[in-house]
Amino acid sequence: MSLAGPDGPLVAVDESAQRPVEAYSVNKIAVATAVLDTVDRGRLALDQQVEVTAAIAARAGDGIFGLDGAYPSRVTLGHALANLLTVSDDVAVRLCALVCPGAEVNRIMVAKGFGRTQVQPVADSPRYHLGTSTARETHDLLRALVGGTLLSPASTEFVLRLLRSPVAFTDGIRRSMSSAERARIATKAGWFRDARHEAGVIFDTSGSPRLTYVFFAAGQPQADDFGATHPAVQARARLGRRLLDLTDRLAAREHPPHGSGIHG
């Protein structure tokens with residue numbers, strides 16, 4: 001976890017940051033990065049369509065594509081990405097794989113300097129499992145995103161709009177907040193088996209990214225509880241409220257109202 005400083009990020013927490021972990025759905029940010037990088041290079045377009053077949057949609061997993069039961073259907077790539085980053089749709093991963101296979105995702109991430117953030121390709125198939133990352137690389141990936149060095153301005157805005165949207169993950173960091181406060185946090189959670197992860201960026205009221213966090217928490221108890229009652233998720237909810245309040249206090253000290261008497 002780091003705070004934005006005048007000369008770069010000021011590290012507040014650095015615990016096992018270089019340890020490779022199964023990132024699960026947090027790595028959907030990497031998948032979206034690879035797809036949108038391909039869009040930025042003119043090889044794909046957000047309005048091009050992909051086919052949702054029964055075979056693609058029928059497999060178990062989180063999301064909404066598997067709920068309508070009306071296949072085959074067609075959706076735009078932009079629609080697939082929207083579901084990928086908001087409701088964390090697993091079918092959307094398979095739809096992205098149709099246009100950006102696992103080997104291409106990994107190649108793009110290596111080229112961008114994130115060689116430890118890699119999906120796991122499935123043999124003889126464009127499909128892949130979501131793979132691994134480290135807390136450090138995910139942190140640096142998020143900072144590159146908000147810094148505008150990861151993707152084009154249009155693609156950057158697209159990703160952040162989705163991660164800050166009202167339908168993005170609200171059980172953890174954003175739980176104990178108003179709608180306006182939630183909209184200041186770009187977040188992506190990942191949960192599977194005994195892991196409860198979340199990573200994101202907190203913005204101040206002026207729109208500046210202030211705090212970047214990556215919480216990879218594997219080996220948790222109560223592996224069958226994926227809801228807001230899980231202890232690790234409850235802890236993130238309490239922490240999220242404190243982090244947002246801290247962000248606001250720091251911003252107020254740096255830019256006090258005229259005549260307030262508040263000094264850094």
Side-chain angles (χ1 to χ4, degrees), residues 1-5 8-9 23-41 44-47 63 76-89 92-93 96 100 105 108-109 112-114 117 130 133 135-175 177-190 197-215 236 240 243-244 247-248 250-251:
M1 182 171 67
S2 71
L3 297 168
Y24 297 121
S25 287
V26 172
N27 260 10
K28 287 173 181 173
I29 298 175
V31 172
T33 296
V35 173
L36 288 166
D37 178 82
T38 311
V39 170
D40 290 342
R41 288 181 284 117
L44 293 174
L46 290 179
D47 60 358
T76 64
L77 184 56
H79 184 74
L81 288 171
N83 283 283
L84 179 80
L85 294 179
T86 57
V87 297
S88 200
D89 200 299
V93 179
C96 289
C100 191
V105 173
I108 290 171
M109 296 309 294
K112 289 183 175 294
F114 301 100
T117 302
L130 285 167
S133 186
R136 172 67 64 189
E137 271 211 359
T138 298
H139 169 275
D140 293 348
L141 179 68
L142 288 167
R143 283 195 49 82
L145 175 66
V146 299
T149 62
L150 187 68
L151 296 165
S152 71
S155 291
T156 298
E157 191 277 333
F158 180 72
V159 172
L160 291 176
R161 178 163 52 87
L162 294 174
L163 294 177
R164 295 173 66 172
S165 68
V167 293
F169 188 74
T170 57
D171 275 351
I173 291 293
R174 304 203 303 172
R175 189 193 309 175
M177 297 178 187
S178 69
S179 297
E181 289 171 333
R182 287 177 174 179
R184 289 170 45 199
I185 299 180
T187 200
K188 184 72 194 74
H197 304 328
E198 190 168 358
V201 178
I202 299 178
F203 294 78
D204 64 23
T205 55
S206 72
S208 297
R210 284 282 183 165
L211 187 149
T212 305
Y213 59 87
V214 181
F215 303 127
R236 293 207 312 270
L243 292 178
L244 184 71
T247 300
D248 289 343
L250 289 174

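Heavy-atom basis, side chains included; hydrogens, waters and symmetry copies ignored.
- With sequence neighbours excluded, no residue satisfies side chain to side chain donor-acceptor pair (under 3.5 Å) with Thr156.
- Closest of all the heavy-atom pairs between Ser2 and His139 is OG-NE2, 2.7 Å.
- In this structure, CG in Leu250 is found 7.0 Å from CZ in Arg210, a value given to the nearest 0.5 Å.
- A heavy-atom distance below 4.5 Å is found between the side chains of Ile29 and Leu142.
- Shown here for Thr212 and Val201, the closest heavy-atom pair between the two residues is OG1-CG2, 4.1 Å.
- In terms of heavy-atom proximity, Ile108 sits nearest to Cys100 at CD1-SG, 4.4 Å.
- Between Lys188 and Ser88 the shortest side-chain heavy-atom distance falls below 4.5 Å.
- Using a 4.5 Å cut-off on side-chain heavy atoms (C-beta onward), Phe114 and Thr33 make no contact.
- Counting heavy atoms from C-beta on, the side chains of Arg236 and Thr187 never come closer than 4.5 Å.
- Remark: side-chain polar atoms of Asn27 are paired, donor with acceptor, to backbone N or O of Leu130 under 3.5 angstrom.
- Pairs engaging residues 154-170 under the salt bridge (Lys or Arg N to Asp or Glu O under 4.0 Å) rule: Glu157-Arg161 [sequence neighbours left out].
- Side-chain atoms of Ser178 come within 3.5 Å of backbone N or O of Glu181 as a donor-acceptor pair.
- Here the options are Asp37, Asp140, Asp40, the test is salt bridge (charged side-chain N to carboxylate O under 4.0 Å, His left out), and the partner is Lys112; only Asp37 passes.
- Annotation for Ser155 and Leu151: closest pair CB-CB, 3.8 Å, computed over non-hydrogen atoms.
- Taking all atoms of both residues into account, the shortest heavy-atom contact from Val39 to Ala45 is CG2-N, 4.3 Å.
- Atoms CE and OG1, from Met109 and Thr117 in turn, are 5.5 Å apart once rounded to the nearest 0.5 Å.
- Judged purely by atom type and a 3.5 angstrom limit, Ser208 has no side-chain atom pairing as donor or acceptor with the backbone of Asp204.
- Looking at Leu81 and Phe158, their side chains come closer than 4.5 Å, going by heavy atoms from C-beta outward.
- In plain terms, the two heavy atoms of Ala168 and Leu163 that are nearest each other are CB-O, 3.5 Å.
- In summary, the side chains of Thr138 and Ser133 do present a donor paired with an acceptor at a separation below 3.5 Å, with no hydrogens or angles considered.
- Taking 4.5 Å as the limit, some side-chain heavy atom of Leu36 sits within range of a side-chain heavy atom of Leu46.
- Using a distance-only test at 3.5 Å, with no hydrogens or angles considered, a donor-acceptor pair links the side chain of Arg174 to the main chain of Phe169.
- Using a distance-only test at 3.5 Å, with no hydrogens or angles considered, no donor-acceptor pair links the side chain of Arg184 to the main chain of Ile202.
- Two residues are said to be in side-chain contact when any heavy atoms from C-beta on lie closer than 4.5 Å; Leu3 and Leu211 meet this criterion.
- In this structure, Ile185 and Tyr213 have side chains that are in contact, with non-hydrogen atoms separated by less than 4.5 Å.
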